[in-house]
Engineer: 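I'd like to ask you about the structure that follows.
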Amino acid sequence: MSRFDDISTPRRTKEIISRHGFSFKKSLGQNFLIDQNILYKIVEAAGLDEDKGALEIGPGIGALTEKLAQTAGTVTAIEIDQRLIPILREVLEPYENVKVHHGDVLKVDLHELFQQDFAGVSKVSVVANLPYYVTTPILMKLLEEKLPLENIVVMIQKEVAERMAAAPGSKDYGSLSIAVQYYSEPKLVCIVPHTVFIPQPNVASAVIRLAVREEPPVSVEDEGFFFEVVQASFAQRRKTIANNLKSRFFAGEGRERLEQLLQEAGIVPSRRGETLSIEEYAKLSNVLYNADIR
Ligand code: SAM
């Protein structure tokens with residue numbers, strides 16, 4: 001197949017869309033990629049080869065799916081929009097290693113899907129140009145369900161990518177940075193201009209790679225409680241950590257006990273949540289948990 005025949009060329013994309021009478025649904029985050037270089041960059045960042053598998057969320061008309069099919073051994077794609085299913089069947093017909101499922105990724109049992117579609121595949125990565133209206137719920141589902149993933153390489157809103165990769169002390173650092181960094185090591189791959197999509201989104205985009213960790217970087221007594229402490233610490237960004245924790249966990253108690261526990265965790269009460277590292281949050285949540293503050 002020559003490069004000119006690729007699904008993602010603007011000419012071919014427009015031809016497929018108009019022949020099928022397809023109209024874009026903004027509510028489903030439908031912005032299709034029409035740039036070969038960006039597609040190759042996304043696929044390259046996932047480090048795929050023919051022994052590996054790729055799970056694509058939201059294949060659209062199959063532009064990225066085609067590149068994945070040419071690189072990975074097994075490709076599975078989940079698309080919510082029924083109108084795209086016949087188009088995908090047509091355009092991906094030459095590829096025997098691709099399966100397309102109709103469904104909402106947030107409702108699909110992904111462990112079951114992995115057993116069915118990736119049995120015997122050594123490593124699987126998620127590779128997607130995500131619908132921006134559900135980026136965070138999709139990524140948190142993939143990470144929290146502890147699927148056996150190698151990488152997650154996704155096109156997302158630039159501002160969200162920057163928050164995921166942010167370091168302590170920066171303005172973008174928050175509970176999302178800590179949640180993502182607990183499960184993975186994020187790296188910004190590239191910033192992407194509006195012009196590579198049809199229709200063009202009205203926010204800037206970026207490709208990010210999350211290298212999924214086999215073990216979290218810190219040891220916590222209780223994961224749920226660790227994330228509760230993190231959430232509480234960022235409840236009001238301008239407040240100190242002591243004031244945020246007081247409102248959430250020490251409503252009926254004196255400030256003395258709170259300050260004593262913060263001292264035990266090695267944290268000065270006047271610090272703000274955005275200055276604490278993930279290690280400091282782990283220490284703090286373990287001290288509170290062991291003191292029965294929950
Ligand atoms: N991968 C294609 C591309 O790059 O050209 C399309 C990407 S487009 C940004 C997002 C795609 O996700 C659309 O095809 C949309 O219908 C689909 N989608 C939206 N919400 C979804 C969901 N909850 N589950 C599965 N697919 C979804």
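Indexing begins at 1, ligand by ligand and atom by atom, following the structure's order.
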Engineer: Could you check if a side-chain atom of Tyr40 sits within less than 4.5 angstrom of a side-chain atom of Lys67, using non-hydrogen atoms only?
Structural biologist: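 Touching, per the 4.5 Å side-chain cut-off.
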
Engineer: What protein heavy atom sits nearest atom 1 (N) of ligand 1, and how far away is it?
Structural biologist: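 For atom 1 (N) of ligand 1, the nearest protein heavy atom is Gly58 O, 2.8 Å.
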
Engineer: One residue to check: Tyr133. Relative to ligand 1, which of side chain, backbone, both or neither has a non-hydrogen atom less than 4.0 Å away?
Structural biologist: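 Looking at Tyr133 and ligand 1, just side chain atoms fall under 4.0 Å.
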
Engineer: With sequence neighbours left out, which residue pairs that include part of residues 139-149 fulfil the salt bridge (charged side-chain N to carboxylate O under 4.0 Å, His left out) condition?
Structural biologist: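 The answer is Lys146-Glu223.
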
Engineer: Should Asn31 and Gln200 count as side-chain neighbours, where that means a heavy-atom distance under 4.5 Å?
Structural biologist: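 No - every pair of side-chain heavy atoms lies 4.5 Å or more apart.
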
Engineer: Do Glu15 and Arg11 meet the salt-bridge criterion of a basic N to acidic O distance under 4.0 Å?
Structural biologist: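 Between Glu15 and Arg11 there is no salt bridge, as every charged N stays at least 4.0 Å from the carboxylate O atoms.
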
Engineer: Answer yes if Ile61 and Leu130 sit in the same cluster of Ile, Leu, Val, Met, Phe, Trp and Tyr residues linked by side chain heavy atoms under 4.5 Å apart, and no otherwise.
Structural biologist: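 They do not share one cluster, since no chain of ILVMFWY contacts under 4.5 Å joins Ile61 to Leu130.
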
Engineer: In terms of ring plane angle, is the pair Tyr183 and Phe227 parallel, tilted or perpendicular, where the classes change at 30° and 60°?
Structural biologist: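 Tyr183 vs Phe227 ring planes: parallel.
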
Engineer: Identify, for atom 4 (O) of ligand 1, the protein heavy atom at the shortest distance, and state residue, atom and that distance.
Structural biologist: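 Among all protein heavy atoms, the one nearest atom 4 (O) of ligand 1 is Asn129 ND2, 2.9 Å.
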
Engineer: Need the ligand 1 atom indices (1-based, order shown) with element for anything under 4.0 Å from a heavy-atom of Asp104.
Structural biologist: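 Listed by number with element: 22 (C), 23 (N), 24 (N).
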
Engineer: Non-hydrogen atoms of Asn31 versus ligand 1: any pair closer than 4.0 Å?
Structural biologist: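 True for this residue.
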
Engineer: Report the member of Met155, Lys107, Gln82, Glu79 with the shortest heavy-atom distance to atom 17 (C) of ligand 1.
Structural biologist: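 Residue with the shortest heavy-atom distance to the ligand atom: Glu79.
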
Engineer: Looking at ligand 1, is there an atom of it that comes within less than 4.0 Å of some heavy atom belonging to Ile34?
Structural biologist: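 No, Ile34 has no heavy atom closer than 4.0 Å to ligand 1.
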
Engineer: Under 3.5 Å, is there a donor-acceptor pair between the side chain of Asn97 and the main chain of Ala72?
Structural biologist: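 Yes; judged by distance alone, with no hydrogens or angles, the pair exists.
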
Engineer: Below a 4.0 angstrom heavy-atom separation, can you tell me which part of Glu56, side chain or backbone, both or neither, approaches ligand 1?
Structural biologist: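 The part of Glu56 near ligand 1 is the side chain, not the backbone.
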
Engineer: Less than 4.5 Å apart, any side-chain heavy atom of Lys41 and any of Val207?
Structural biologist: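 SC-SC contact between Lys41 and Val207 ruled out.
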
Engineer: Show the atom names and distances, to 0.1 Å, of all donor-acceptor pairs under 3.5 Å that link a side chain in residues 83-91 to residues at least two apart or in another chain.
Structural biologist:
{"residue": "Arg83", "atom": "NE", "partner": "Asp81", "partner atom": "OD1", "Å": "3.1"}
{"residue": "Arg83", "atom": "NE", "partner": "Asp81", "partner atom": "OD2", "Å": "3.2"}
{"residue": "Arg83", "atom": "NH1", "partner": "Ser23", "partner atom": "O", "Å": "2.9"}
{"residue": "Arg83", "atom": "NH1", "partner": "Ser23", "partner atom": "OG", "Å": "3.4"}
{"residue": "Arg83", "atom": "NH2", "partner": "Ser23", "partner atom": "O", "Å": "3.1"}
{"residue": "Arg83", "atom": "NH2", "partner": "Asp81", "partner atom": "OD2", "Å": "2.7"}
{"residue": "Glu90", "atom": "OE1", "partner": "Arg19", "partner atom": "NH1", "Å": "3.1"}
{"residue": "Glu90", "atom": "OE1", "partner": "His20", "partner atom": "NE2", "Å": "2.9"}
{"residue": "Glu90", "atom": "OE2", "partner": "Arg19", "partner atom": "NH1", "Å": "3.3"}
{"residue": "Glu90", "atom": "OE2", "partner": "Arg19", "partner atom": "NH2", "Å": "2.9"}

Engineer: Between the side chains of Arg248 and Glu228, is the shortest nitrogen-to-carboxylate-oxygen separation below 4.0 Å, so that they form an ion pair?
Structural biologist: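 Salt bridge flag = yes for Arg248 with Glu228.
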
Engineer: What is the nearest protein non-hydrogen atom to atom 2 (C) of ligand 1, stated with its residue, atom name and distance?
Structural biologist: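 Minimum-distance protein heavy atom for atom 2 (C) of ligand 1 reads Pro59 O, 3.3 Å.
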
Engineer: When you measure from the heavy atoms of Gly62 to every atom of ligand 1, does any distance fall below 4.0 Å?
Structural biologist: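 It does not, in that no heavy atom of Gly62 comes within the 4.0 Å cut-off of ligand 1.
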
Engineer: For ligand 1, which atoms sit closer than 4.0 Å to a heavy atom of Ile78?
Structural biologist: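 In order of number, 25 (C), 26 (N).
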
Engineer: Look at the side-chain heavy atoms of Ile, Leu, Val, Met, Phe, Trp and Tyr, link any pair under 4.5 Å apart, and say whether Tyr133 and Leu176 land in one connected group.
Structural biologist: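 Yes, Tyr133 and Leu176 fall within the same hydrophobic cluster.
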
Engineer: Relative to atom 25 (C) of ligand 1, which among Ile80, Leu64, Leu33, Ile38 owns the nearest non-hydrogen atom?
Structural biologist: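 Residue with the shortest heavy-atom distance to the ligand atom: Ile80.
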
Engineer: Tell me: protein heavy atom nearest atom 19 (C) of ligand 1, and distance?
Structural biologist: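 The closest heavy atom on the protein side is Leu28 O, 3.2 Å.
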
Engineer: In ligand 1, which numbered atoms sit nearer than 4.0 Å to a non-hydrogen atom of Gly103?
Structural biologist: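 Once the distances to Gly103 are compared, the set is 24 (N), 25 (C).
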
Engineer: For Gly29, counting its heavy atoms only, list the atoms of ligand 1 lying under 4.0 Å from any of them.
Structural biologist: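 Counting atoms of ligand 1 from 1, those under 4.0 Å from Gly29 are 8 (S), 9 (C), 10 (C).
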
Engineer: Under 4.0 Å from a heavy atom of Gln30: which atoms of ligand 1 are those, numbered in the order shown and with their elements?
Structural biologist: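 Answer for ligand 1: 13 (C), 15 (C), 16 (O).
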
Engineer: Taking the side chain as every heavy atom from C-beta outward, state whether Lys123 and Phe118 have any atom pair closer than 4.5 Å.
Structural biologist: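 When only atoms from C-beta onward are counted, Phe118 and Lys123 do not touch, as no gap falls below 4.5 Å.
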
Engineer: Could you check Ile7, Val75, Val127 and say which one makes a side chain to side chain contact (heavy atoms under 4.5 Å, CB included) with Thr65?
Structural biologist: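 Answer after filtering Ile7, Val75, Val127: Val75.
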
Engineer: Examine Asp81 against ligand 1 and note whether any of their N/O atoms are separated by less than 3.5 Å.
Structural biologist: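 So ligand 1 has no N or O lying under 3.5 Å from an N or O of Asp81.
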
Engineer: Using a 4.0 Å cutoff against the non-hydrogen atoms of Leu84, which atoms of ligand 1 qualify?
Structural biologist: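 Near Leu84, meaning under 4.0 Å from one of its heavy atoms, ligand 1 has 14 (O).
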
Engineer: Check ligand 1 against Leu130 and write out every atom of the ligand that is under 4.0 Å from a heavy-atom position of the residue.
Structural biologist: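 Counting atoms of ligand 1 from 1, those under 4.0 Å from Leu130 are 9 (C).
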
Engineer: Between ligand 1 and Pro131, is the shortest N or O to N or O distance under 3.5 Å?
Structural biologist: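 Checking ligand 1 against Pro131, no N or O pair falls under 3.5 Å apart.
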
Engineer: Starting from atom 24 (N) of ligand 1, what is the nearest protein heavy atom, named by residue and atom, and what distance separates them?
Structural biologist: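 Result for atom 24 (N) of ligand 1: Val105 N, 3.0 Å.
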
